[in-house]
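Within every chain, numbering begins at 1; the chains are lettered A, B, ... in the order of the sequence lines, protein sequences first and strands thereafter. None of the values given here were measured: they were computed from a predicted structure.
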Protein chains: 2
Amino acid sequence: MAPRSNETKQRILDAAEKLFAKEGFAGVTVRQIMREAGADVALAYYHFDSKRDLFDAVLMRRADHMNDVRHAALDAVEQRHPDDAPSVQEIIEAFTQPLLKLLAEDHDTWRDYFALIAQINNSPQWGGELMTRFFDPLVRRFMDAIRRAMPEADDVDLFWCYHFLSGALTLTFAETGRIDNLSQGLCKSNDMSAISERLPGFIAAGFRRICDPA
Amino acid sequence: MAPRSNETKQRILDAAEKLFAKEGFAGVTVRQIMREAGADVALAYYHFDSKRDLFDAVLMRRADHMNDVRHAALDAVEQRHPDDAPSVQEIIEAFTQPLLKLLAEDHDTWRDYFALIAQINNSPQWGGELMTRFFDPLVRRFMDAIRRAMPEADDVDLFWCYHFLSGALTLTFAETGRIDNLSQGLCKSNDMSAISERLPGFIAAGFRRICDPA
DNA sequence: AGCCTAATTCAACGTCCGTTGAAACGCAAC
DNA sequence: GTTGCGTTTCAACGGACGTTGAATTAGGCT
């Protein structure tokens, strides 16, 4: 048969991504996923070894591209500053804007994936391990850049500030609708440009306040 | 029989709190909960109507006290400033420190509950609705106080800044161990005094940067 | 036309799920 | 010491779970 298989595989991954993002790993049934994908249950086990394996495949599918755009943004910042150190805000923008731009420009493709990442990052059972596996190289590079921008900063301060940044970004990706309710429609969870305009400045000010009291 | 019942009920709630916090509503089985509580499965349905009802009871058990300590902290700030407006940082401290203090002083009691709240706040399926039900009155009061501290601020800016604050706090409560790995032991997820010393300053600087550029 | 292989369907397995009804227990009051 | 009631146990229900093996389909190759 022609490589129709890949088309089906992607449909399964799409369905799994959507459902896992909304209800979590345990909250979703393989049967639900395959109903959403419009395929027989057994096909899940032909294309993937197990439910857990399918979950990992969902995570891996977009991980490289996600990391690539962020590395590219950090590359660009460093090329812009061959001699001096970039500002804290520039570095934070390189860390956050590529993802916000993906979400803004292709929301349908990325919304569920980011919501899933957000859920994992916030989960006591998977947050510690999975996030470390996926994002440590990028985050270490980001931390190094920040360190060069604030040479006097204490490492403990830097890690905690990164933690606050990570939290703010995570809740953004979750798109829970909470801010819609709270603001009574004034703000929308999926308004990525509203975030883009505010998050880097907010976070950069926090970093400077804690790590660079000069 | 003597009111032994309440003791059992609390043991069930403790077990449910612990497991729901770690694995989420769907990731936990009533049988698991009752095994952890050391009681028969059927007792869950004698004391509560359903698994979902047990989940709600877990949430309700500590909700009032959680809100009380925060309202009291806001009361104290307002009494300290009968005529002028408190500073942004004072208000943010009233919003965050009561919870961080609960966690620091009685970690075993509150860790799982806060981790559960964090999970819910970050969840697309429950975050919007449950958080609104639980926390809206307090958050609105907090927003009003902030508004008085920065009368020129735009409401949209304020809501987004609150969103960043909520995210940073939420990831803190999740205690995922991520920062332990990233910092290679330099920082601990459960070090609430490290958070207490940094979070309010970080967030206050962000608020001022976005909402009060003067 | 006939074969090979990859893709898909179908039916089922053993297990565990949330939930329930009826029976047994233990203490207080009479 | 019997009655009564709140609590706890036991055994089971129908259904859904993750997973599998065998049968079926659909092209690409000779």
Sub-3.5 Å pairs of nitrogen or oxygen atoms, protein against nucleotides 13-17 of chain D:
from, atom 1, to, atom 2, distance (Å)
dC17(D), OP1, Thr29(A), OG1, 2.7
dC17(D), O5', Thr29(A), OG1, 3.2

Query - Separation of dT9(C) C1' from Met34(A) CE (nearest whole Å) - result: 11 Å
Report task. Please collect all side-chain hydrogen bond (donor to acceptor under 3.5 Å, both in side chains) contacts where either partner lies in residues 191-203 of chain A, sequence neighbours excluded, each pair once. Result -> Gln97(A)-Ser196(A), Asp191(A)-Ser193(A), Arg198(A)-Asp157(B)
Query raised in the report: Roughly how many Å is it from CD1 in Ile33(B) to P in dT19(C), rounded to a whole number?
Result: 11 Å
Query raised in the report: Listed by chain and number, what are the side chain to side chain donor-acceptor pair (under 3.5 Å) partners of Asp106(B), not counting sequence neighbours?
Result: Thr109(B)
Requested in this report: Ignoring backbone atoms, test whether Thr8(A) places a side-chain nitrogen or oxygen under 4.0 Å from the OP1 or OP2 oxygen of dT8(C).
Outcome: yes
Query raised in the report: Which residues, if any, of residues 12-26 of chain A bring a heavy atom under 4.0 Å of DNA chain C?
Result: none
Requested in this report: With the side chain counted from C-beta on, respond yes when Met131(A) and Val139(A) share a heavy-atom pair under 4.5 Å apart, and no when they do not.
Outcome: no
Dump every N/O contact between nucleotides 21-24 of chain D and the protein below 3.5 Å, one line per pair.
none

Query raised in the report: Given atom CG of Asp53(B) and atom P of dG18(C), what is their separation to the nearest angstrom?
Result: 14 Å
Query - Rounded distance in Å - CG (Leu43(A)) to P (dT20(D)) - result: 15 Å
Requested in this report: Would you please name every residue forming a ring-ring contact (aromatic ring centres under 6.0 Å, His included) with Phe173(A), sequence neighbours left out?
Outcome: Phe114(A)
Report task. Apply salt bridge (Lys or Arg N to Asp or Glu O under 4.0 Å) to Asp154(A) and list each qualifying residue two or more places apart in sequence or on a separate chain. Result -> none
Listed pairs under 3.5 Å, donor-acceptor, residues 36-43 of chain A side chains, sequence neighbours left out:
from, atom 1, to, atom 2, distance (Å)
Glu36(A), OE2, Lys18(A), NZ, 3.0
Asp40(A), OD1, Ala42(A), N, 2.9

Query raised in the report: Hey, is the side chain of Tyr46(B) poking within less than 4.0 Å of OP1 or OP2 on dT7(D), counting only N and O atoms?
Result: yes
Report summary line: Separation of dG27(D) atom C1' from Glu7(A) atom CD, nearest Å, is 15 Å
Query raised in the report: What do the steps show when you test Ile12(A) against Phe48(A) for side chain to side chain contact (heavy atoms under 4.5 Å, CB included), and what is the final call?
Result: CA-CA 10 Å; Ile12(A) 298 176; Phe48(A) 307 94; 3.9 Å; yes
Query - Contacts of type ring-ring contact (aromatic ring centres under 6.0 Å, His included), residue Phe55(A), not counting sequence neighbours - result: Phe20(A), Phe25(A), Trp126(A)
Requested in this report: Return no unless some side-chain N or O of His47(B) is found under 4.0 Å from OP1 or OP2 of dG6(D).
Outcome: no
Report task. Measure from the side-chain heavy atoms of Tyr45(B) and tell me the nearest of dT20(C), dT19(D), dT8(D). Result -> dT20(C)
Query raised in the report: With Phe135(A), which residues qualify under ring-ring contact (aromatic ring centres under 6.0 Å, His included), at least two apart?
Result: none
**Report entry** Gap between atoms CG and P, on Asp49(A) and dT19(D) respectively (whole Å)
**Finding:** 10 Å
Query raised in the report: Between dT19(C), dT8(D), dC10(D), which nucleotide has the shortest distance from any of its atoms to the side chain of Asp40(B)?
Result: dC10(D)
Query - All ring-ring contact (aromatic ring centres under 6.0 Å, His included) counterparts of Phe202(A), not counting sequence neighbours - result: Phe164(B)
Report, one line per pair, each donor and acceptor closer than 3.5 Å where one atom sits in a side chain of residues 69-77 of chain B; sequence neighbours left out.
from, atom 1, to, atom 2, distance (Å)
Arg70(B), NE, Phe95(B), O, 3.0
Arg70(B), NH2, Phe95(B), O, 3.0
His71(B), ND1, Arg141(B), NH1, 2.9
Asp75(B), OD1, Arg141(B), NH1, 3.1
Asp75(B), OD1, Arg141(B), NH2, 2.6

